[in-house]
Protein chains: 2
Amino acid sequence: MKAKRTTIQDIATKTGYSKTAVSFAFNSPSRISKEAVEKILEAAKELDYIPDPMARNFSLGRHMALGLLLPQRAELSLGNPYIHSVVQGIAEVCQKRGYMLTIIPPLHSSVTEAAKNATVDGLITLGVVIDKSIRGILRRRRMPIVSIDGAADDDIHSVCIDDEGAAELQLRKVLEKGHRKIAMIALPDDAYSHSSSTSDTVVKKRKRGYMKALEQYSMSFADLITDKAAATAEEGKTVASAILERSSPTCFVTMSDAAAIGILQILEKRRSNISVIGFDGLEEEFFQNSKLTTIYQSGRQKGEASAEVLFHLINGEADTPLRTLIPYSFCEGTTLREVL
Amino acid sequence: MKAKRTTIQDIATKTGYSKTAVSFAFNSPSRISKEAVEKILEAAKELDYIPDPMARNFSLGRHMALGLLLPQRAELSLGNPYIHSVVQGIAEVCQKRGYMLTIIPPLHSSVTEAAKNATVDGLITLGVVIDKSIRGILRRRRMPIVSIDGAADDDIHSVCIDDEGAAELQLRKVLEKGHRKIAMIALPDDAYSHSSSTSDTVVKKRKRGYMKALEQYSMSFADLITDKAAATAEEGKTVASAILERSSPTCFVTMSDAAAIGILQILEKRRSNISVIGFDGLEEEFFQNSKLTTIYQSGRQKGEASAEVLFHLINGEADTPLRTLIPYSFCEGTTLREVL
DNA sequence: CTGTTAGCGCGTTCAA
DNA sequence: TTGAACGCGCTAACAG
């Protein structure tokens with residue numbers, strides 16, 4: 001039926017050389033005579049031969065690809081501009097090294113299944129996803145992994161910011177502006193991983209930071225209106241509407257810009273001038289138009305750093321740092337106002 | 001040195017069954033006795049065995065991955081939010097089918113090389129990249145391809161909008177508002193592909209649309225200030241600065257929001273209220289904060305449609321439409337003002 | 001230095 | 001339920 005691809009054997013047969021010779025002609029031309037190389041390459045051209053990269057990689061025991069394990073459904077994960085900037089960072093480093101970047105959505109809703117079937121040389125995870133079963137699989141598959149924003153209480157290589165410090169800064173800015181009726185919108189902690197309940201997650205770290213800030217004003221969590229929202233505008237809207245039903249904060253503090261943007265939309269609709277401060281920060285260019293006050297962390301830098309670390313691990317370099325810290329900064333916008 | 005992964009052979013040896021039996025235990029348990037399945041799976045657990053997905057895919061002649069061929073360096077491609085939404089759309093469909101999405105940056109700056117080495121079941125391209133050499137490679141590799149925003153004068157499956165109509169609409173809106181001193185910022189046409197010079201590219205189609213709109217006002221291209229900019233904020237800034245040096249348009253018309261945003265930044269800095277209209281449209285949520293007036297096309301829909309078509313091709317379905325048309329719409333913002 | 005033989009990698013599948 | 005072949009290219013070891 002369908003004509004078969006030409007293989008290395010076809011070229012060998014056609015030229016009268018051996019498969020080995022053909023392989024050499026492509027990969028180490030110096031290993032055989034100039035004449036042979038020429039003949040072989042010519043025959044290859046005639047027969048439309050291209051070595052199959054899959055067979056090649058299989059033979060060489062590699063994939064030439066890094067994998068990014070999405071913690072949730074693709075719509076949710078990739079809908080977050082922060083995650084997008086991480087993807088960008090990883091892709092840049094991959095490109096530099098001649099690698100591809102494989103985005104791996106949960107398989108049958110299971111990150112574990114996805115990890116089993118990933119055909120890549122190493123994995124990067126986003127958020128808290130590395131539970132025991134996944135670690136087991138990766139160990140068995142001898143697949144290196146780097147975690148971005150993962151729990152920090154284990155021996156997995158990770159890249160993150162000082163979440164505690166960043167959160168403290170975020171809330172302190174709010175308190176400095178005089179806000180006292182504050183709605184605190186956290187990220188759901190254990191959305192993906194159960195093991196996270198005992199791990200030191202990003203959310204927990206940030207809460208410690210909030211606590212520190214509160215203490216400086218002799219306040220505690222009990223003085224806040226608290227709720228949760230995943231990092232999507234949709235959830236931000238929902239939670240903002242719910243909160244405004246039952247109370248009237250002067251400021252919303254969120255753990256993601258995505259949620260903050262949803263909240264802003266609700267506020268705009270109501271012509272309310274309640275303050276909002278987000279977390280993440282969009283990349284430079286697209287920043288300016290949205291004047292959201294936020295804590296900026298560079299997803300791109302995180303992506304780059306994690307890919308860099310992962311390549312170290314893949315190449316078996318020993319001196320790879322277990323933790324990589326990325327800087328953060330307060331980014332002034334127009335959505336955090338002084339309380340009069 | 002490093003302990004080897006356990007293979008199917010290890011399980012076979014340990015249980016006394018054959019490789020075949022082990023394979024069946026995993027893939028079609030009904031083919032062998034219940035007892036055998038149990039023993040084998042238990043042994044597999046003990047020995048920490050997981051079938052190697054690469055070997056599996058190799059054997060089955062597939063990859064379980066779709067590829068997205070980036071037309072330019074990753075920073076540029078992925079920096080464009082429109083492209084990001086395309087990625088999102090593709091990823092969603094991949095997820096639904098249990099596939100991965102492999103992002104393939106140009107290899108050694110060559111898209112052709114990247115196409116040679118892509119280990120995927122099919123490719124999606126963005127913009128004009130399918131020149132002769134790439135087509136040859138894909139033909140030899142028997143790799144199906146779908147082109148988004150590609151030239152439409154060939155036999156490659158493609159997904160696009162009615163660019164001519166959309167461009168006409170865009171410029172007509174501008175003319176209706178009374179603008180006559182218009183700066184038209186096109187996309188560079190043949191940035192990636194030389195063959196495009198004879199193909200009916202997106203840029204050419206849009207120019208025909210502009211022409212139609214101009215004719216309705218008895219104008220021609222000669223009445224416009226024209227220039228080019230790639231789809232990045234950076235290039236938008238550069239070109240805006242250059243144009244403002246030598247002339248004073250009342251409106252900038254661009255072929256990408258990315259460039260439009262750069263232009264807006266320059267105008268804001270100058271406190272100028274020159275109008276701007278873009279092309280692409282950011283996804284819903286993140287739209288509202290940037291009030292850019294633009295022609296909206298859903299990158300996500302394009303991504304979904306192209307992946308859907310590609311899966312049809314991979315599965316050898318015959319009834320696959322050669323052209324898929326996605327809708328577009330005018331999106332009112334605040335950056336296109338009436339000329340007094 | 002040029003070229004070949006043979007076997008590997010790992011799971012799948014046909015014929016028995 | 002199994003042995004052997006297969007997919008496709010790479011490479012150690014060896015011969016001239």
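Model, not experiment: these values are computed from the prediction. Chain naming here is simple, since letters A, B, ... match the order of the sequence lines and numbering starts at 1 in each. Note that these values count all heavy atoms, side chains included, but never hydrogens, waters or copies made by symmetry.
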Side chain to side chain donor-acceptor pair (under 3.5 Å) between B:Arg323 and B:Ser158, worked out
CA-CA 5 Å; B:Arg323 309 246 167 278; B:Ser158 72; 2.8 Å; yes
Listed in order of residue number, which residues of residues 32-45 of chain A have a non-hydrogen atom at under 4.0 Å from DNA chain C?
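Going residue by residue through residues 32-45 of chain A, the ones with a heavy atom under 4.0 Å of DNA chain C turn out to be A:Ile32, A:Ser33, A:Ala36.
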Assess A:Arg140 against B:Tyr49: is NZ or CZ under 6.0 Å from the centre of the six-membered ring, and within 45 degrees of the ring's axis?
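That pair does not qualify as a cation-pi contact.
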Between A:Glu46 and A:Lys14, is the closest basic N to carboxylate O distance under 4.0 Å?
yes
Does the pair B:Asp155/B:Arg135 count as a salt bridge with the N-to-O cut at 4.0 Å?
yes
Taking all non-hydrogen atoms of both residues, which atom of A:Ala65 and which atom of A:Thr102 are closest, and how far apart?
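Minimum heavy-atom separation between A:Ala65 and A:Thr102: CB-OG1, 3.8 Å.
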With B:Leu68 as partner, the option from B:Val87, B:Leu123, B:Ile104 fulfilling side chain to side chain contact (heavy atoms under 4.5 Å, CB included) is B:Val87
Whole angstrom value for the distance that separates [atom2] of [N] from [atom1] of [X]:
X	N	atom1	atom2	result
A:Arg141	C:dG11	CZ	P	11 Å
B:Gln9	C:dG9	CD	P	11 Å
A:Asn27	D:dG9	CG	P	11 Å
A:Phe24	D:dT11	CZ	P	8 Å
A:Tyr17	C:dT4	OH	P	8 Å
B:Met54	D:dC10	CE	C1'	13 Å
A:Phe26	D:dC10	CZ	C1'	14 Å

Could you say whether B:Ala21 or A:Ile50 is positioned toward the 5' end of DNA chain D, judged by the nucleotide with the nearest heavy atom to each?
B:Ala21
How far does the helix from C:dC1-D:dG16 to C:dA16-D:dT1 bend, going by the axes of its first and last five pairs, to the nearest 10°?
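Computed angle between terminal axes is 50°.
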Determine whether the side chains of B:Asp121 and B:His63 contain a donor N or O and an acceptor N or O closer than 3.5 Å.
yes
Can a donor-acceptor pair be found between the side chains of A:Gln95 and B:Glu75 at a distance below 3.5 Å?
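A:Gln95 vs B:Glu75: donor-acceptor pair found between side chains.
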More than 12 heavy atoms of other residues, nucleotides or ligands under 6.0 Å from CD of A:Glu35: is that the case?
no
Going 5' to 3' through nucleotides 3-8 of chain D and flagging B where a protein heavy-atom sits under 4.0 Å of the base, S where only the sugar-phosphate is that close, and - otherwise, we get BB--BB
Base, sugar-phosphate alone, or nothing: which one does B:Asn57 contact when heavy atoms must sit under 4.0 Å apart?
nothing
